[in-house]
K.L.:
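Let me give you the structure first, and then I'll get to my questions.
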There are 2 protein chains.
Amino acid sequence: MELDALAKNENKKVQNLIIRGIRDIINHKNLEPGDKLPSERMLSEKFEVSRSNVREAIHKLEFYGLLKPKPQSGTFVANIGIVALNGMIDDILRLDEPDFKSLVETRILFELKTSKLAALRRTDEDLKQMKMALEAYKEKIENGEDAMQEDLLFHLAIAKASGNSTMNTFMLMITPEIITNFEKYHVCDKNLAIRGITEHEEIYNAILNQDSKLAKQKMKEHFRALYQYCYNI
Amino acid sequence: MELDALAKNENKKVQNLIIRGIRDIINHKNLEPGDKLPSERMLSEKFEVSRSNVREAIHKLEFYGLLKPKPQSGTFVANIGIVALNGMIDDILRLDEPDFKSLVETRILFELKTSKLAALRRTDEDLKQMKMALEAYKEKIENGEDAMQEDLLFHLAIAKASGNSTMNTFMLMITPEIITNFEKYHVCDKNLAIRGITEHEEIYNAILNQDSKLAKQKMKEHFRALYQYCYNI
DNA sequence: TATTATAAGTTGGTTAACCAAATACATTTT
DNA sequence: AAAATGTATTTGGTTAACCAACTTATAATA
């Protein structure tokens, strides 16, 4: 396990080294947005790493929208300007694993907003999905079983009903991390879970009745306990 | 260009097909969290695709925290429960490119929150970085040049000063898309830019004075024009 | 029988060879 | 001279072979 982590760290280190190198090339050769980067083979030779490593690094920068690989043609610098590009690469290099507190803070931000938006935009299909998730959650709790998954699915259903694809995606991205940390720190509590049924129903009803203010308010209450808990870690 | 897009679509289609297949395997074989997935070679044979395709699909599910590849051992189902896993895979399959409106809506949500948090948590180093970005922006505008990059760097500096690594990462992720769309729709306006100097200074001062309420208020005003613009598209 | 040692097979990761498309350049044609 | 054609090279993407670490099964030992 430790070796694995080390290997991953080493790998990341190499990748960051390549990213740094690419940034230097762009600056040194005064590559403008739209210009072509040296080929993957050239880069792998220059940095003395495998071509796969170079490709991974390029993929990462592509994910953040800084590079655009074109098949059988080359990899090109995105049209976002040299200054922003430098700043963003520096930020990307400085990125580390998100801390739990920051995750929860972000989640609550999303939850409040998506519940509000869902109340304004939810379709009948959205309501159906939310209702299903709600019932599944209820059944599990009433049987005394763990229902974290069903809980999260209800919240993801709200995110989907918000009609905001970006927030929906981000919620998906942070959910697994949330689950992992919740299990690690044993955040879940039976008392909370039972009260959760009522709270979920209140949120659902507010969204059903398109009362955006109430939906947000109920969501806020729903997260009050969690919020306080997390800021005492 | 069209062929390129088609190829990318085709590639994505294959990837989604594999993801669907993996989900079916997990369900059909009743794989519990922590269980091992069939090997990459087996999957590539079963789905009649290349091993690279399988690896890409696995990487995507790994990115969303659903699978955990272990070197020289196998790929394992994450500890998030079969129900949530199914729901999330369905969501991931349904993900499409974010629309501009959803991007802007999310960005504004972040900007208001990060400015507030930055006012509460900013360090001296954060202030220095923000000041630098602010000056660079000012200089460009006063010379009549385009300053979108410097504008964004100022906002990214705020995100960093918020002390929330998750929001910082997400801001980085949406920024290139924002830039692209702004250029496409020619959102930027000279008049807005000049007024932007004052607005940026007001935001900076509020954060400097640790007045979180004012910082959020000024940020809201800063985005009012953009907000209205985007909802008229 | 229980435990350790050992060997064979399986695994994700890595490397290198290969491919078809795109480009650059020389040649031919008009 | 300009345009069209053909050819060689370069490119990102793909495939297949290889590697070292990990599992499992078997054998040896107590």
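Reckoned from all heavy atoms, side chains included, excluding hydrogens, waters and symmetry mates.
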K.L.:
Hey, is the side chain of B:R55 poking within less than 4.0 Å of OP1 or OP2 on C:dG12, counting only N and O atoms?
P.N.:
no
K.L.:
Only counting residues at least two apart or in another chain, list the ones meeting salt bridge (charged side-chain N to carboxylate O under 4.0 Å, His left out) with B:R23.
P.N.:
B:D90
K.L.:
Could B:K60 and B:E56 be called an ion pair, given the rule that one side-chain N must be under 4.0 Å from one carboxylate O?
P.N.:
no
K.L.:
If we ignore angles and hydrogens, is there a donor and acceptor under 3.5 Å between the side chains of B:S162 and B:N168?
P.N.:
no
K.L.:
So, is A:S39 close to the D:dT11 phosphate, meaning a side-chain N or O under 4.0 Å from OP1 or OP2?
P.N.:
yes
K.L.:
Figure out the CG/P separation between A:L43 and D:dT10, and round it to whole Å.
P.N.:
16 Å
K.L.:
Nearest nucleotide by nearest heavy atom, which residue falls closer to the 5' end of DNA chain C, A:S50 or B:P38?
P.N.:
B:P38
K.L.:
Nearest whole angstrom, please: distance from the P of C:dT11 to the CD1 of B:I58.
P.N.:
12 Å
K.L.:
Within this structure, what is the CD-to-P distance between B:E40 and D:dA17, rounded to whole angstrom?
P.N.:
17 Å
K.L.:
Assess whether a salt bridge exists between B:E40 and B:R55, defined as any Lys/Arg side-chain N lying under 4.0 Å from an Asp/Glu carboxylate O.
P.N.:
yes
K.L.:
Can you check whether A:T75 has a side-chain N or O nearer than 4.0 Å to OP1 or OP2 of D:dG12?
P.N.:
yes
K.L.:
For a quick check of understanding: with a heavy-atom distance under 4.0 Å over all strands, which category does A:S52 fall into, base, sugar-phosphate or nothing?
P.N.:
base
K.L.:
How long is the line joining CZ of B:R51 and C1' of C:dG12, in whole Å?
P.N.:
6 Å
